[in-house]
Participant: 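For reference, the structure I am asking about is given below.
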Amino acid sequence: MKVFKPQNIFLAVVFVILYLPIIYLIVYSFNKGEYMTGWGGFSFKHYGELFSDNRMIEIVIDTMIVAFLSSLIATIIGTIGAFWVYQSKNKPANSLLYLNSVLMVSPDVIIGASFLILFTAVGISLGFTSVLLSHIAFSIPIVVLMVLPKLKEMPRTLVEASADLGATNYQTLSNVIIPYIQPGIAAGFFMALTYSLDDFAVTFFVTGNGFSTIAVEIYSRARQGISLEINALSTMMFIVSLILVAVYYFISNNNSKKTRGAR
Amino acid sequence: MSAKKLFYTIPYAVWLALFVIVPLILLVFQALTNQSGHFTFDNFAAYLSSGTYLRMTINSVLYAFLITAITLLISYPTAYFLTQLKHHSFWILIIILPTWINLLLKAYAFIGLLSKDGTVNSFIQLLGAAPQQLLFTNASFILVSSYIEIPFMILPIYNALTEIDPNLIQASRDLGANSWTTLKKVIFPLSLSGVKTGIQAVFIPSLSLFMITRLIGGNRVITLGTAIEEHFLSTQNWHMGSTIGVVLVLAMFITMYLTRDNKKKGGRR
Amino acid sequence: MSQPIIELKNVSLNYNDVRVLHNVDMEIEQGKFYTLLGPSGSGKSTILSLISGRLFPTEGDVFIDGKNVSNLPANKRQVNTVFQNYNLFPNMNVYENVAYGPNLKKLPKARVDELVKQMLSLVRLDEFIDREISELSGGQQQRVAIARALANEPKVLLLDEPLSALDYKLRKEMQYELREIQQRLGITFIFVTHDQEEALAMSDWIFVMQDGRIEQNGTPVDIYDEPINHFVADFIGEANIVDGVMKEDYLVNFAGKDFKNVDAGMRPNERVEVVIRPEDLDIVAPAKGKLQVTIDDQSFRGDFYEITAIDDYGNEWAVQETNPAKIGQRRGLNFDPEDIHIMRLAETEEEFDARIESYED
């Protein structure tokens, strides 16, 4: 009885609205017909089209390479950056944190446009390199924001204890600090990964020479109209997203359990 | 010691300089020069004297305002009701899940839903009415933008609500307040920081989402973001594009200033 | 006796299918200072929640002013609570916090102002009226919490371990002040604490609780002098508890000897527990003592020495003495018949009261 409280009905409606378009996309990826209306029967034919579409497969691979490489490099630079912000106690370092978040709050078009000006001014040709550099650039601040709280929450005495027991700075870093902040690093990496996979606007501005990512490709195809091959792709991407979310929540849950245990 | 410090400093500092400071300077520089590279305020003068640009800016702000208002209206009750559920941390996950799906795909889904022979129109015909032009209208732009932004509004409000000490709600009840008064006088004021974050997270992108205007709103220039994209990628007038970019950055700072967290109150724990 | 202002009749509470409160009966009169005393998890705060309406009884009924309020929500009850963590609204200043309840009642502005000023002066925070909560110390926040609850002019004020977060000195000060506020306003206070010293110092009447049951209730003196069982004797103050046998009325055997005492009404040769408080024991010359002991240990406690002595049967006796003793020395222990308190095993409170009445007066 209690399930049918008005507030739960409201929530149910919100959930339906949020998922309806996604489910709609997925359902029609199995349509025998060519449009997102009129059910022509169940079929995998659009998945067939997708897998025989060499350009699309190439784009998917390129997207994955950009996502993985940019996340990896951004995680390294971002973690080092978090150390820097953590270690510098003086005021200028705090304003660094404001600078850090500039790229997080800036609208995509501004990032895209200003990077386009930058690459043109420096003479970097538009394509894989410019897209990769951009993705690294906009992923770094999220890594910093994920790692920094872990560093701050780490008890100072832990480092002191390690030094007291005779560890060198390097040993303390690799045996004490890195394991402690590792959940933050992992979370930063996954956030960077999703940032990269999710980006459209920045890539759209800085890409060229026929280099494309999934989002940009969907945009140009969608402007020409419906193609159920895109639905098939959506379904695949939805499944990948689900896996990423599961992994991310596994990491962050593990993480909070650990800290809870430590307190 | 100094070698260690350099190791910490260099990669991040280089990034800060090259990808945060320099691009912003370049953007402003572009806005303040003309085609032949001379310093000039002409771009801003042109922007301020042009009815088209000003109207577009006002429209963009208006649309963003509408999208933010609609999103807030749906998101606050959603977030509030969510916190009342037993397994609310699971349900909020379900709310966030769609944000992990590329927004192009979501916009694309709406093309299918709203197009002339799309699902919604078939439904309308089923009810006996004539099919409507749904796609490429201002309403469809607002609808799809709101749809995409809702989770970004729910999440910060939800976080702010769950941070409220449940004992405060008990205290309010104990002092004689009913649920509604408690919501109005205790819960809402304490969740205001989340509402502000949500407004930032929705209003600023709503000024700049150009792909939705292109795909759903019809090929019309109705937001600052669309205007920038058009100047950079279609008409190749980077100077004017940068000028509008500077306006967008200003709009962003104004939004952030207006929705800043005033530390005076609400300093909890 | 006039009608109790609060009454719990045979109240039980299940929490996640676990019974946390067992058949509690309780009568609270107007104008007294009551304390619910017990270790954590004994159910004392649960009783407060039942009275204030944060929890509702699984069985039994709660009455306020003779009205059954068992299912009435908190905001409709004329009782207010001072919470352990104060629970002040951080989005409001001191004035707004205290005025919260009166404003909800839609009192005229002048009356609200008057109430706020009156209550703040009662807790001696007059000058803090415009302060933000974050600017106050813990002790000051506690006072605001008290003023806020009192501003609602409740019939009964519930205090849920309100002093436990304060340091020792401040706590002592607040104990005194709370007692004074209660006497000045003449309303009923129900105070929850796990600190027996606090309970003894402040209360008119104490309920001692354990495992969701009321073990004993009475005045502080009654409970201290005549604890009903091992738990109460041990929890309230310090106690020497040894096994004994009640040979006949007014004669008890323990530590190998017979002693005259003042208890009666038990079966002949009934096994009992014997309680003697440390301050009732005197160390004397071995020949003059009723018991012979060896001094085992002693520690200085500021105003007295706590001395541990062991008798010939291996019973340990804690003694409080103003003069030190010598460890290892053979001494005597002296006490009066009235200092011996007898506890029957598994005697209920009703049986205890009935037995006492049968031979007293």
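This structure is a prediction, so every number in the text was calculated from the model and none was measured. Lettering of chains follows the sequences in order, A, B, ..., and the numbering in each one begins at 1.
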Participant: Counting only heavy atoms closer than 4.5 Å, note whether V216(A) contacts chain B via side chain, backbone, both or neither.
Facilitator: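 Interface part for V216(A): neither.
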
Participant: Under a 4.5 Å heavy-atom cut-off, does chain A meet the side chain of I148(B), its backbone, both or neither?
Facilitator: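 Neither the backbone nor the side chain of I148(B) comes within 4.5 Å of chain A.
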
Participant: Output the option from L93(B), V22(B), I74(B) having the highest count of non-hydrogen pairs under 4.5 Å with chain A.
Facilitator: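 Going by pairs under 4.5 Å, I would pick L93(B).
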
Participant: Under 4.5 Å, counting heavy-atom pairs only, tell me which of P77(B), G241(B), S75(B), P205(B) racks up the most with chain A.
Facilitator: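 Highest number of pairs under 4.5 Å: P77(B).
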
Participant: Who among T78(B), I228(B), L27(B) has the most heavy-atom pairs with chain A under 4.5 Å?
Facilitator: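 Ranked by contacts with chain A, first place is T78(B).
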
Participant: Closest approach of M237(A) and N102(B), non-hydrogen atoms and distance?
Facilitator: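 So the two residues come closest at CE-CB, 4.3 Å.
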
Participant: If you count heavy-atom pairs under 4.5 Å between each of I117(A), I17(A), L25(A) and chain B, which one has the most?
Facilitator: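 Ranked by contacts with chain B, first place is I117(A).
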
Participant: Which atoms of I214(A) come close to chain B, meaning under 4.5 Å heavy atom to heavy atom: side chain ones, backbone ones, both, or neither?
Facilitator: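 The answer is neither part of I214(A).
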
Participant: Going by heavy atoms in the side chains, are V109(A) and T226(B) under 4.5 Å from each other?
Facilitator: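 No, their side chains stay 4.5 Å or more apart.
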
Participant: Checking Y24(A) side chain against G112(B) main chain: does a donor-acceptor pair fall under 3.5 Å?
Facilitator: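 Yes, the answer is positive, given that a donor and an acceptor are paired below the 3.5 Å cut-off.
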
Participant: Could you state the interatomic distance from CD1 (I80(A)) to CD1 (I10(B)), rounded to the nearest 0.5 Å?
Facilitator: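 Rounded to the nearest 0.5 Å, the CD1-CD1 separation comes out at 10.5 Å.
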
Participant: Can you name the closest pair of heavy atoms from S227(A) and Y108(B) and give their distance?
Facilitator: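 Closest approach of S227(A) to Y108(B): O-OH, 2.7 Å.
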
Participant: Measure the spacing between CE of M256(B) and OG of S101(A) and express it to the nearest 0.5 Å.
Facilitator: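 If I round to the nearest 0.5 Å, the distance is 6.5 Å.
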
Participant: Does any heavy atom of chain B fall under 4.5 Å from the side chain of S106(A), the backbone, both, or neither of them?
Facilitator: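 Interface part for S106(A): both.
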
Participant: Which atoms of Y170(A) are under 4.5 Å from chain B, going by heavy atoms: the side chain, the backbone, both sets, or neither?
Facilitator: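 Neither part; nothing is under 4.5 Å.
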
Participant: Name the member of I218(A), V14(A), I77(A), I110(A) that forms the most heavy-atom pairs with chain B at distances under 4.5 Å.
Facilitator: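 The candidate making the most pairs under 4.5 Å is I110(A).
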
Participant: Is it the backbone or the side chain of L11(A) that comes under 4.5 Å from a heavy atom of chain B, or both, or neither?
Facilitator: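 The side chain, not the backbone.
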
Participant: Counting only non-hydrogen atoms closer than 4.5 Å, does T120(A) touch chain B with its backbone (N, CA, C, O), its side chain (CB onward), both, or neither?
Facilitator: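 T120(A) touches chain B through side-chain heavy atoms alone.
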
Participant: Top residue by heavy-atom pair count (under 4.5 Å) with chain B, among I76(A), L197(A), V13(A), I230(A)?
Facilitator: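 Max contact count across the listed options: I230(A).
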
Participant: Ring-plane angle category for F210(B) and F200(A), please: parallel below 30°, perpendicular beyond 60°, tilted otherwise.
Facilitator: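 Tilted: the ring planes of F210(B) and F200(A) meet at 30° to 60°.
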
Participant: Drop me the distance from E217(A)'s CD to L104(B)'s CG, to the nearest 0.5 angstrom.
Facilitator: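 Those atoms lie 11.0 Å apart.
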
Participant: Side-chain contact test, heavy atoms from C-beta onward, threshold under 4.5 Å: evaluate it for W15(B) versus I136(A) and give yes or no.
Facilitator: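 No, too far: nothing below the 4.5 Å cut-off.
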
Participant: Which pair of heavy atoms, one from E229(B) and one from F205(A), lies closest together, and at what distance?
Facilitator: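 Residues E229(B) and F205(A), closest heavy atoms: CA-CZ, 3.7 Å.
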
Participant: For I101(B), is it the side chain, the backbone, both or neither that has a heavy atom under 4.5 Å from a heavy atom of chain A?
Facilitator: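 Both parts, heavy atoms under 4.5 Å.
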
Participant: Measuring from atom CG of L18(B) to atom CG of L118(A), what distance do you get when rounded to the nearest 0.5 angstrom?
Facilitator: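 Taking CG in L18(B) and CG in L118(A), the distance rounds to 6.5 Å.
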
Participant: Report which part of L224(B) has an atom under 4.5 Å of a heavy atom belonging to chain A: side chain, backbone, both, or neither.
Facilitator: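 Neither part.
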
Participant: Of the listed residues (I204(B), I21(B), L105(B)), which shares the most heavy-atom pairs with chain A below a 4.5 Å separation?
Facilitator: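 The answer is L105(B).
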
Participant: Find out whether L85(B) and N8(A) are in side-chain contact, i.e. whether some heavy atom of one side chain is under 4.5 Å from a heavy atom of the other.
Facilitator: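 Yes - at least one pair of side-chain heavy atoms lies under 4.5 Å apart.
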
Participant: Could you tell me which portion of T194(A) (side chain, backbone, both or neither) has an atom closer than 4.5 angstrom to a non-hydrogen atom of chain B?
Facilitator: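 Side chain only.
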
Participant: Among I140(A), I22(A), D199(A), who wins on heavy-atom pairs under 4.5 Å with chain B?
Facilitator: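 Most heavy-atom pairs under 4.5 Å with chain B: I140(A).
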
Participant: Return the minimal non-hydrogen interatomic distance between P107(A) and S208(B), and the atom names on each side.
Facilitator: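 In terms of heavy atoms, the two residues are closest at CB-OG, 3.4 Å.
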
Participant: Does Y12(B) use its side chain to pair, donor to acceptor, with the backbone of A82(A) at less than 3.5 Å?
Facilitator: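 No, because the side chain of Y12(B) does not come within donor-acceptor range (under 3.5 Å) of the backbone of A82(A).
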
Participant: Can you say whether L103(A) sits under 4.5 Å from chain B via the side chain, the backbone, both, or neither, judging by heavy atoms?
Facilitator: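 Interface part for L103(A): side chain.
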
Participant: Select, from L242(A), L233(A), I111(A), N231(A), the one with the greatest count of heavy-atom pairs under 4.5 Å involving chain B.
Facilitator: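 It is N231(A).
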
Participant: Among V20(B), L215(B), I25(B), L16(B), which has the most heavy-atom pairs under 4.5 Å with chain A?
Facilitator: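 Heavy-atom pair counts peak at L215(B).
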
Participant: Hey, are the side chains of F19(B) and F138(A) touching, using non-hydrogen atoms and a 4.5 Å cut-off?
Facilitator: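 The answer is no, as the side chains (C-beta and beyond) never meet within the 4.5 Å cut-off.
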
Participant: Does any backbone or side-chain atom of M211(B) lie under 4.5 Å from a heavy atom of chain A? Answer side chain, backbone, both or neither.
Facilitator: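 Both parts, backbone and side chain.
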
Participant: Name the member of F115(A), F238(A), F83(A) that forms the most heavy-atom pairs with chain B at distances under 4.5 Å.
Facilitator: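 Ranked by contacts with chain B, first place is F115(A).
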
Participant: Give a yes or no answer on whether the side chain of Y19(A) reaches the backbone of I94(B) with a donor-acceptor pair at less than 3.5 Å.
Facilitator: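 Yes; judged by distance alone, with no hydrogens or angles, the pair exists.
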
Participant: Output the distance between atom CG (L26(B)) and atom OG (S114(A)), rounded to the nearest 0.5 Å.
Facilitator: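 Taking CG in L26(B) and OG in S114(A), the distance rounds to 8.0 Å.
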
Participant: With a 4.5 angstrom heavy-atom cut-off, could you sort out which part of Q84(B) is near chain A: side chain, backbone, both or neither?
Facilitator: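 Looking at Q84(B), just its side chain touches chain A.
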
Participant: Less than 4.5 Å to any heavy atom of chain A: does that hold for the side chain of P98(B), its backbone, both, or neither?
Facilitator: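 Contact with chain A involves both backbone and side-chain atoms of P98(B).
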
Participant: Given the options Y80(B), F232(B), F81(B), which has more heavy-atom pairs under 4.5 Å with chain A than any of the others?
Facilitator: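 Most heavy-atom pairs within the cutoff with chain A belong to F81(B).
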
